[in-house]
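All heavy atoms count here, side chains included; hydrogens, waters and symmetry mates do not. Throughout, numbering of the chain's residues begins at 1 and tracks the sequence.
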Amino acid sequence: NYTIIGDAVNVSQRLKQVGKRVYEVPQAVSVLIGATTASQFGPEFEARTMGAHKVPSRQQEVEVFSLF
């Protein structure tokens with residue numbers, strides 16, 4: 001058995017919860033990422049901002065992007 005831990009893992013789990021709030025109609029597939037991850041993608045990927053969202057265990061809002 002393996003376990004991953006750390007801040008990035010916690011934020012990614014919280015982004016899953018944000019997905020339930022930002023999409024009025026559930027999407028078949030959606031990929032939400034944070035600003036750090038979005039900055040690592042090349043021009044072949046399109047990341048649209050979904051705004052800043054409050055997530056549990058964070059004092060400041062997290063900028064959320066949807067990957068297309």
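Scanning both residues, Ala47 and Ile33, for their nearest heavy atoms gives CB-CD1, 4.4 Å. Of all the heavy atoms in Val55 and Val18, the pair that sits closest is CG1-CG2, 3.7 Å. The two atoms that bring Gln60 and Lys54 nearest to each other are N-NZ, 4.5 Å, heavy atoms only.
A search for salt bridge (Lys or Arg N to Asp or Glu O under 4.0 Å) contacts involving Glu44 returns nothing, not counting sequence neighbours. With sequence neighbours excluded, the residues satisfying side chain to side chain contact (heavy atoms under 4.5 Å, CB included) with Pro56 are Arg14, Gln17.
Sorted by first and then second residue, the pairs that involve residues 2-13 and meet salt bridge (Lys or Arg N to Asp or Glu O under 4.0 Å), not counting sequence neighbours, are Asp7-Arg58.
Remark: Leu15 CG to Thr37 OG1 distance equals 8.5 Å, nearest 0.5 Å.
Hydrophobic cluster membership of Val9, counting Ile, Leu, Val, Met, Phe, Trp and Tyr whose side-chain heavy atoms lie under 4.5 Å apart directly or via other members: Ile4.
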Check residues 61-68 and write down every donor-acceptor pair under 3.5 Å in which the side-chain atom is one partner and the other belongs to a residue at least two apart or another chain.
{"unit_1": "Glu63", "atom_1": "OE2", "unit_2": "Thr49", "atom_2": "OG1", "d": "2.5"}
{"unit_1": "Ser66", "atom_1": "OG", "unit_2": "Tyr23", "atom_2": "OH", "d": "2.8"}

